[in-house]
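Below is one structure, written out as structure tokens, with a few remarks after it.
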Amino acid sequence: MLLRIAQFTTRFPRTILIGALAVALLCGIFGATAASGLKSGGFVPEDAESVRAAQALTDNFDGAAPNYILLVESPDGVDADQVRTRALRIIDVLKAHPDTAAVQSYWTAPSPAVASALRSTDGESGLIAVSFDGDETQIQEAAGELGGQVTGSTDGVTVRAGGTAATFHEVNGQITHDLAVAETAAVPLTLIVLILVFGSLIAASLPLVVGLLAIAATLAILKLFTLFTDVSIYAMNLTTALGLALAIDYSLFIVSRFREELATGLDPRAATIRALQTAGRTVLFSAVTVALSLSAMLVFDLYFLRSFAYSGVAVVGAAAVASIVVLPAALVLLGHRVNALDLRAPILRLFGREPAPLGAMAPEQTGWYRLVKRVMRAAVPVALLIVALLLVLGSPFLSVKFGYPDERVLPNSAASRQVGDEIRADFPRADPGSNTTIVLDGYRDERGIGDYAARLSEVEDVTAVLSGSGVYVSGNKLAPTPPGMSNDTGTYLTVTSSLDPFSPAGGKQLDALRAVDAPAPALFGGAAAVNEDSLGALADRLPLAALLIILSTFVVLFLFTGSIVLPLKALLLNILSLTAAFGAMVWIFQEGHLEGLLGFTAVGYLVPTMPILMFCLAFGLSMDYEVFLLSRIREEWLRRRAGRTGAEFAEEDNTESVAIGVARTGRIFTAAAVLMAIVIGALTTSKVSFIQLMGLGLTLTVLADATLIRALLVPALMKLMGPLNWWAPKPLARLHDRIGFTEEPADPTTAGAERPVRV
């Protein structure tokens, strides 16, 4: 297949490049508005109990589940004339909006109990709680439309917006801004590194151009998916970064092999074909492994994760197609000019050195070869030291805690974040972010409700229970029934708490509330219930997702290598490197180390979808380098073993294959890791904390994988296993002979020739 693709692209290069340019322009135009159709939720299954409880409140109790909160504050106090006038004017504007279902406020409260809950403890702030109709997209659009009309400072009265709708709106805007900043920083830095790797400005520009094509395709893919399904706004940051990083990586592999083949004397067309038969094959396998890792997220019933699977698999495909089809067309047309404009030459001449011609140094003369030889001579201590180091780095993950994200993922400068912080501090009974709501469908008996509310109020750390029978604190009724909590459809109760609902203590309190006997079937909603539903949905499907990743990766690597030992080793090493990255994430983002440096707020837990997303992504990206390294080691192993039927010299052949394979690829996969770290690491500039977590976690994983794992631990383990590396049971070996993927034969005039590389 690759041979046919290579022959086609090298026969019609101009046509392919013109077509690629046209497709890129169309993708750019179509995908320019991709962000407008993306959503900010997707962390909870649509059929979860907390979702059904919220829907029952929306349908039957207007205003019971507010999703837009306005904080009105003045040093003159909430009862000052100018404050009341401003608040009532805002309420009129809110009620006039078509998406507004209900409005509650301190100034229009139907009872003293409700008014007290909507007034701050210092008396300087009051709340206006709004319920918008619609899904996540509609409520955040409503928040955006009203924000300019109802917020701001006038006559000493300041109004700021918070709540779910305002948070969604701010997150969407922040994500779009962060993406532009990340790409602006990543692209020039990437070009600089590529110039250092290739020297030639022409060669350095090719991966970057392919990467920009991948970004255009990514945005179009995201836009396309929004027409058919829910897609998370967070997918835009990751998939654009992933598309750029993989396109650059894949192009780097192919361009490097093309230049290497040119140096052996092949003409441009033959060099392009050979590059696709070798590096192109590696790119194809890498794309398959990354796509399989990402597709495992389809098993989760959360569109946050599923959207990464949809868009991620498509983006990997786009990056691979651009590298295998578009890039070869450019290489054929450039030919030897791919080495033109060597920017390193003038710098080297300033120091009295001449640039070494391409292909001037054999693999055995490189520093990589000498390093690997030293590592293999001390294979046991090197392996033990690195494994111990990675386990120590991963040890903080043993104390990991998980929780649902709220407005604290935004920086302190965000209005919704400020409002959330003030509500938590000054409105202990009105914080919709910490309350638990209980819906008793069809139940209206006042006495039964009162007894139930009294028992709920005795649960530890519950500050009050508002019910259709009254307000209860520590088992005692302190205030009359707040209006609107009972109607013909049933009753709902609101439980206020002093605990963070997303903390482990908040989860235990929810379990205690569920353990209280209810007078009728009860639906639990609110933040703690949402958190529990989210964690439960992830835990239920996590084993299946992990199994799919492991099995699919094992099968692909077996087809690639014909060995069952190398796939097992690769799986174990990937898990080991991920363990270290996860430990670092707990140490930084859960425990709060580097909080000031990175500019986030540690809340004592991690967003639970992030480790899963990181696992799927990092697993695939780690296999990217594993496949690239193994391809050259295997190529050398097959070359050295050709014509040798026995086990004689097998140990020596294995050692030399590993050393030469790393020597030929070490510089390239290290450069690829640095480039990917730049592109994905740019996500750490985001102002959304779990996007920072993902960017930093993936960056650390990629760098550790390309240095500690591939350059040191892999050679050490392959030395210890010797020829066993290439072993498979005879039935599987015969199966691989029939269906496995074997290396395309080289041009007969160059087959088996020593191929020196430049370092």
Side-chain angles (χ1 to χ4, degrees), residues 1-25 194 198 200-214 216-217 246-288 316-341 358-359 627-628 631-632 635 664-665 668 672 741-753 755 757-758:
M1 181 185 69
L2 285 172
L3 178 60
R4 289 193 294 271
I5 292 174
Q7 290 171 340
F8 176 77
T9 56
T10 55
R11 188 175 297 129
F12 308 104
R14 289 182 175 83
T15 302
I16 289 173
L17 291 179
I18 293 171
L21 178 60
V23 170
L25 291 174
L194 285 168
F198 285 125
S200 162
L201 180 60
I202 301 297
S205 300
L206 289 175
L208 195 58
V209 171
V210 174
L212 294 176
L213 290 176
L246 287 177
I248 290 173
D249 263 16
Y250 296 162
S251 302
L252 179 64
F253 298 159
I254 293 173
V255 172
S256 299
R257 189 60 184 252
F258 172 75
R259 298 176 83 205
E260 184 180 329
E261 299 296 340
L262 281 181
T264 66
L266 292 182
D267 64 74
R269 187 169 186 270
T272 302
I273 292 174
R274 186 59 186 158
L276 276 189
Q277 290 176 311
T278 52
R281 175 175 175 270
T282 303
V283 165
L284 184 60
F285 267 94
S286 172
V288 170
V316 171
V321 169
S323 303
I324 293 174
V325 177
V326 180
L327 179 61
L331 292 175
V332 170
L333 292 177
L334 285 171
H336 289 277
R337 287 172 295 179
V338 74
N339 298 317
L341 300 179
L358 188 65
V627 168
F628 184 56
S631 68
R632 296 309 295 266
E635 184 179 340
R664 290 188 181 278
T665 59
I668 302 302
F741 297 97
T742 56
E743 188 67 78
E744 299 274 6
D747 186 289
T749 62
T750 58
R755 309 275 181 101
V757 296
R758 180 181 181 183

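As the structure is a computational prediction, the values presented were derived from the model and not from experiment.
- Here Thr10 pairs with Arg269 under the side chain to side chain donor-acceptor pair (under 3.5 Å) rule; sequence neighbours left out.
- From Leu327, atom CG reaches atom CG of Leu17 across 9.5 Å, with rounding to the nearest 0.5 Å.
- Here Leu213 pairs with Ala24, Val326 under the side-chain contact (heavy atoms from CB on, under 4.5 Å) rule; sequence neighbours left out.
- The shortest side-chain heavy-atom distance between Ile254 and Leu276 falls under the 4.5 Å cut-off.
- Under the rule for a side-chain contact (heavy atoms from CB on, under 4.5 Å), the partners of Ala216 that lie at least two apart in sequence or sit in another chain are Cys27.
- Closest non-hydrogen pair, Leu208 versus Leu194, comes out as N-CD1, 4.2 Å.
- Considering only heavy atoms from C-beta on, Leu252 comes within 4.5 Å of Ser256 through its side chain.
- Distance check, rounded to the nearest 0.5 Å: OG1 of Thr278 to CD of Glu635 gives 6.5 Å.
- Taking each heavy atom of Ser251 and Ser323 in turn, the nearest pair found is OG-OG, 3.6 Å.
- In this structure Ser286 satisfies the side chain to side chain donor-acceptor pair (under 3.5 Å) test together with Tyr250, Asp624, sequence neighbours excluded.
- Expressed to the nearest 0.5 Å, how far CZ of Arg281 lies from CZ of Arg257 amounts to 11.0 Å.
- Take Ile202 and apply the side-chain contact (heavy atoms from CB on, under 4.5 Å) test, not counting sequence neighbours, and it matches Ser200, Leu334, Ala340, Leu341.
- Going from atom CD1 of Ile273 over to atom CG of Leu331 covers 12.0 Å, rounded to the nearest 0.5 Å.
- Between Val316 and Ala287, the shortest heavy-atom contact is CG1-O, 3.4 Å.
- Judged purely by atom type and a 3.5 angstrom limit, Thr264 uses its side chain to pair as donor or acceptor with the backbone of Glu261.
- Rounded to the nearest 0.5 Å, atoms CG (Asn339) and CZ (Phe258) are 8.0 Å apart.
- Looking at Arg664 and Glu260, a side-chain N of the basic residue comes within less than 4.0 Å of a carboxylate O on the acidic one, giving a salt bridge.
- Across Ser205 and Leu201, no two heavy atoms sit closer than the pair OG-O, 2.7 Å.
- With sequence neighbours excluded, no residue satisfies side chain to side chain donor-acceptor pair (under 3.5 Å) with Thr9.
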